[in-house]
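Notes for the one structure printed next.
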Amino acid sequence: EAKEEELRASRAEGEAGSAALASAHAEVARLAAARAGEVEARSLAVLRTDAELASLTDDLRRAEAAGHRLAGERDQWEQLAAELEAAQQQAEAGRAAEMERQLAEREEALATATSAAARVEALEEEAEAARSRLSAAEAAAEQAQADLQAERRRARGDSITAKTL
């Protein structure tokens, strides 16, 4: 009976141990399932994070490409602005050179006109002097004519006197 009691107690202990083991197995299975759920949730979170990171990386690449494109456009605008500035400076230099050329032409024309005016004035003075000389020559010619006529009259008078004598 004691052995049976022992056997019963041993069986009860075995059953309690089996029940505890089954409970432990159930707890381990539950913990494993919970752990698997956490791992899967973390895996999904990692996948979502990877997808977001890939999306952000694509956005960054697009932004960098746009930045490079904008930098290229900025360089083109700066080049165009520099070319425009150079063209404006050339135009201003051309206008300045043209203005200087026109000014030089006008100065030359003024000098020519001044010289011509001086020559005209000198010619007018020469003409006035020539008119004076001409007037004097005409007066001298008139005087010479008068002298010649007087001489002819005297010569006639002398001739008449000589004939009369």
Side-chain angles (χ1 to χ4, degrees), residues 26-165:
E27 182 64 22
V28 166
R30 188 189 63 75
L31 288 174
R35 184 76 164 155
E38 288 176 11
V39 167
E40 188 174 334
R42 285 187 183 154
S43 293
L44 289 175
V46 166
L47 289 175
R48 276 193 304 270
T49 303
D50 284 346
E52 289 174 5
L53 182 59
S55 176
L56 290 173
T57 301
D58 288 344
D59 290 347
L60 178 62
R61 284 189 186 129
R62 280 193 298 276
E64 285 175 345
H68 289 305
R69 193 174 55 253
L70 289 175
E73 289 176 6
R74 184 195 67 225
D75 291 345
Q76 287 177 342
W77 283 110
E78 287 175 356
Q79 176 69 28
L80 288 174
E83 289 173 5
L84 177 62
E85 178 71 23
Q88 286 175 335
Q89 288 176 354
Q90 267 186 330
E92 288 174 6
R95 281 193 299 268
E98 178 62 20
M99 289 174 68
E100 286 180 19
R101 186 189 63 74
Q102 288 177 358
L103 181 60
E105 286 178 357
R106 289 178 183 156
E107 287 175 346
E108 184 178 334
L110 179 60
T112 302
T114 302
S115 174
R119 281 195 310 267
V120 165
E121 190 174 322
L123 288 173
E124 285 175 349
E125 289 174 4
E126 284 180 29
E128 185 62 35
R131 278 193 285 275
S132 293
R133 285 193 307 272
L134 178 61
S135 292
E138 286 174 346
E142 287 176 10
Q143 183 62 45
Q145 185 72 28
D147 289 347
L148 179 62
Q149 286 176 357
E151 194 60 42
R152 279 186 189 159
R153 275 188 290 232
R154 269 192 302 250
R156 262 189 244 142
D158 286 344
S159 171
I160 292 176
T161 305
K163 284 184 187 177
T164 317
L165 286 174

Checklist entry - Distance from Glu107 atom CD to Glu105 atom CD, nearest 0.5 Å? => result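 Separation between the atoms: 11.0 Å.
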Non-hydrogen side-chain atoms of [X] and [Y] separated by less than 4.5 Å:
{"X": "Glu126", "Y": "Leu123", "result": "yes"}
{"X": "Asp147", "Y": "Glu151", "result": "no"}
{"X": "Leu80", "Y": "Glu83", "result": "yes"}

Checklist entry - Backbone N or O of Ala111 within a donor-acceptor pair of the Ser115 side chain at under 3.5 Å? => result no
Checklist entry - Between the main-chain N or O of Ala51 and the side-chain N or O of Ser55, is there a donor-acceptor pair closer than 3.5 Å? => result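 Side chain of Ser55 to backbone of Ala51, a donor-acceptor pair under 3.5 Å: no, none is there.
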Checklist entry - Are Met99 and Leu103 close enough, and set up right, to give a side-chain contact (heavy atoms from CB on, under 4.5 Å), and what steps lead you there? => result CA-CA 6 Å; Met99 289 174 68; Leu103 181 60; over 6 Å; no
Checklist entry - Can you list the steps and then say if Glu92 with Gln88 is a side chain to side chain donor-acceptor pair (under 3.5 Å)? => result CA-CA 6 Å; Glu92 288 174 6; Gln88 286 175 335; over 6 Å; no
Checklist entry - What heavy-atom pair brings Glu124 and Arg131 nearest, and what distance separates the two atoms? => result O-NH2, 4.4 Å
Checklist entry - Is the shortest distance from a Lys or Arg side-chain nitrogen in Glu98 or Arg95 to a carboxylate oxygen in the other one below 4.0 Å? => result no
Checklist entry - Looking at Arg48 and Glu52, does any basic side-chain N land under 4.0 Å from a carboxylate oxygen? => result no
Item to check | Over 12 non-hydrogen atoms of neighbours within 6.0 angstrom of CD in Glu108 | outcome: no
Checklist entry - Are Asp75 and Gln79 close enough that a side-chain donor and a side-chain acceptor fall under 3.5 Å? => result no
Item to check | side-chain contact (heavy atoms from CB on, under 4.5 Å) evaluation trace for Leu60 with Leu56 | outcome: CA-CA 6 Å; Leu60 178 62; Leu56 290 173; over 6 Å; no
